[in-house]
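To keep things clear, I will list the structure first and then write my remarks on it.
Hydrogens, waters and symmetry mates play no part in the numbers below; they use all other heavy atoms, side chains included. Reminder, nothing fancy here: chain letters follow the sequence lines and each chain counts from 1.
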Amino acid sequence: MRSGEMAKMTQLIDNEVFQAYATYTTIILLKMMLMSLITAYFRITRKAFANPEDTASFGKGESAKKYLRTDPDVERVRRGHLNDLENIVPFLGIGLLYALSGPELSTALLHFRIFTGARIVHTFAYLIPLPQPGRGLSWAVGYAVTISMAYKVLKTSLYL
Amino acid sequence: MRSGEMAKMTQLIDNEVFQAYATYTTIILLKMMLMSLITAYFRITRKAFANPEDTASFGKGESAKKYLRTDPDVERVRRGHLNDLENIVPFLGIGLLYALSGPELSTALLHFRIFTGARIVHTFAYLIPLPQPGRGLSWAVGYAVTISMAYKVLKTSLYL
Amino acid sequence: MRSGEMAKMTQLIDNEVFQAYATYTTIILLKMMLMSLITAYFRITRKAFANPEDTASFGKGESAKKYLRTDPDVERVRRGHLNDLENIVPFLGIGLLYALSGPELSTALLHFRIFTGARIVHTFAYLIPLPQPGRGLSWAVGYAVTISMAYKVLKTSLYL
């Protein structure tokens with residue numbers, strides 16, 4: 001019984017696939033974290049803050065209050081960051097389950113690499129910005145890769 | 001030693017529970033991803049965009065600029081999407097740890113099914129919209145299920 | 001072959017480290033979930049709502065419509081909540097991979113405890129609010145801990 005379950009475990013978890021998942025997930029999460037630094041950079045250079053306590057170094061009263069404002073560059077980075085959250089969270093969850101569903105290493109690498117590449121292109125497309133459909137296409141590629149992994153997960157381990 | 005740890009592993013990971021977690025997590029993440037498509041649908045039909053490059057197909061200058069605006073329907077979907085992120089991310093993490101904490105299959109299925117159902121109802125309640133407390137209740141049910149799983153995780157594997 | 005893979009599994013997953021990850025991840029996700037309740041508290045006490053159906057209990061027409069507004073306290077909690085998402089999602093993913101990368105228990109505990117402490121301080125710094133650089137520093141500490149774990153993950157299991 002116990003060894004039967006263990007055999008299932010060793011079928012489930014293929015180390016190289018899991019290492020590939022670990023590598024690409026870490027890279028794409030670090031990329032997402034970079035958005036915080038880019039937001040901070042634009043907030044400081046554009047002097048556009050959201051919290052009164054963040055403008056205290058500019059003096060008191062009206063002289064500081066004018067920096068409590070939105071700035072198009074800051075808002076653009078923030079939209080890119082939120083789009084990352086909306087797309088990388090599904091990758092995090094579905095990708096983990098996919099890595100545990102016993103895919104071929106080459107197929108898994110293809111999924112992880114295309115997703116990671118697409119999201120990096122998406123960030124450049126958002127920040128430069130590239131003309132559409134540049135950003136739209138890079139978003140769609142990442143989205144399609146996640147759907148493909150979800151299909152494999154449900155095909156392998158559907159249990160309703 | 002090593003076989004002792006392996007025994008723990010086989011106690012930790014019950015395949016059917018993990019497959020159920022994989023199934024419901026994939027379903028609810030796909031549902032969350034659907035919010036992106038619904039946002040895009042409303043942005044296009046309401047002609048309400050956030051980025052200048054998204055309105056380029058409507059011409060140049062003022063004729064395109066008027067489509068850089070917020071729309072109540074778009075904002076409603078976006079709030080629903082953000083609420084998904086705020087609630088599905090805890091489910092993703094706590095649910096995984098719960099699935100590994102050795103719950104009864106029937107108990108685990110109950111948690112996963114109620115959470116998934118509650119979040120689907122929440123989406124309909126937000127988008128139709130249903131009168132309150134419809135949305136509030138569906139939110140609270142998903143929230144309570146996650147708290148219940150968190151309690152089981154901490155009871156099983158508290159290590160401070 | 002199979003037993004070789006199993007040996008790798010037992011090296012990968014150290015139970016005490018994983019239990020520590022489970023504990024601190026659950027705590028910090030519960031803390032993040034608390035932001036929803038705090039938002040609801042401020043929405044109700046400040047009478048500032050985002051959805052028309054949420055103001056229906058205040059009557060119809062203009063008398064209810066005036067509560068469809070933003071409030072500085074509500075917006076502050078929401079910014080804190082979004083900052084949680086932006087930082088706790090990377091911890092969730094990178095922390096899991098880190099816990100599976102075979103760190104020393106004491107090192108892992110140090111990472112998990114500092115991250116969790118930093119994010120709790122960050123919440124207080126945001127909500128009180130504390131003067132800067134209080135919030136900035138607590139944010140940076142959590143960020144640095146996540147980078148440190150990412151470094152360990154990539155050093156252990158880089159597979160490009």
Margin query: So, taking the atom named CD in Gln19(A) and the one named CG in Leu97(C), what distance separates them when rounded to the nearest 0.5 Å?
Written below: 11.0 Å
Note to self: Between Arg119(C) and Trp139(C), is the side-chain contact (heavy atoms from CB on, under 4.5 Å) condition met? List the steps.
What the structure shows: CA-CA 7 Å; Arg119(C) 293 307 306 179; Trp139(C) 172 84; 3.8 Å; yes
Check: Hey, which of Ile28(A), Ile88(A), Leu85(A) has the most heavy atom pairs under 4.5 Å with chain C?
Finding: Leu85(A)
Next item on the list: With a 4.5 Å cut-off on heavy-atom pairs, point out which of Pro131(C), Pro90(C), Pro133(C), Gly134(C) contacts chain A the most.
Entry: Pro90(C)
Note to self: Distance check, rounded to the nearest 0.5 Å: Arg43(C) atom CZ versus Thr55(C) atom OG1?
What the structure shows: 11.5 Å
Next item on the list: For chain C, find which of Ile27(A), Leu30(A), Asp54(A) contributes the most heavy-atom pairs closer than 4.5 angstrom.
Entry: Asp54(A)
Next item on the list: Please work out which of the three classes, parallel, tilted or perpendicular, describes the rings of Phe112(C) and Tyr24(C), given edges at 30° and 60°.
Entry: tilted
Next item on the list: Drop me the distance from Arg46(A)'s CZ to Thr70(A)'s OG1, to the nearest 0.5 angstrom.
Entry: 13.5 Å
Margin query: For a quick test of reading the model, state the closest non-hydrogen atom pair linking Leu109(A) to Ala20(A) and the distance between them.
Written below: CD2-CB, 3.7 Å
Check: Of the backbone (N, CA, C, O) and the side chain (C-beta and beyond), which part of Leu96(C) lies under 4.5 Å from a heavy atom of chain A, both, or neither?
Finding: side chain
Next item on the list: Check whether Ala56(A) gets within reach of chain C through its side chain, its backbone, both or neither, counting any heavy atom under 4.5 Å.
Entry: neither
Margin query: What's the separation between atom CG in Leu110(C) and atom CZ in Arg113(C), rounded to the nearest 0.5 Å?
Written below: 8.0 Å
Check: Looking at residues at least two apart in the chain, or sitting in another chain, which of them share a ring-ring contact (aromatic ring centres under 6.0 Å, His included) with Tyr126(C)?
Finding: His122(C)
Margin query: Give the interface residues of residues 71-83 of chain C toward chain A, defined by a heavy-atom separation under 4.5 Å.
Written below: Arg76(C), Arg79(C), Leu82(C)
Item checked: Proximal to chain A - members of residues 144-160 of chain C, heavy-atom separation under 4.5 Å -> Thr146(C), Ile147(C), Ala150(C), Val153(C), Leu154(C), Ser157(C), Leu158(C), Tyr159(C), Leu160(C)
Next item on the list: Check the pair Lys66(A) / Lys47(A) against side-chain contact (heavy atoms from CB on, under 4.5 Å), numbers first and verdict last.
Entry: CA-CA 9 Å; Lys66(A) 68 180 174 197; Lys47(A) 293 191 177 150; over 6 Å; no
Check: Hey, what do you get for CG (Leu29(A)) to OG1 (Thr116(A)), rounding to the nearest 0.5 Å?
Finding: 9.5 Å
Check: Can you tell me how far the OG1 atom of Thr25(C) sits from the CZ atom of Phe91(C), to the nearest 0.5 Å?
Finding: 4.5 Å
Next item on the list: Please flag which part of Tyr98(C) lies under 4.5 Å from any non-hydrogen atom of chain A: side chain, backbone, both or neither.
Entry: neither
When the side chains of residues 31-42 of chain A are checked against the rest of the protein, which donor-acceptor pairs come out under 3.5 Å, sequence neighbours left out?
{"unit_1": "Lys31(A)", "atom_1": "NZ", "unit_2": "Asp84(A)", "atom_2": "OD2", "d": "2.6"}
{"unit_1": "Lys31(A)", "atom_1": "NZ", "unit_2": "Thr123(A)", "atom_2": "OG1", "d": "2.9"}
{"unit_1": "Thr39(A)", "atom_1": "OG1", "unit_2": "Met35(A)", "atom_2": "O", "d": "2.8"}

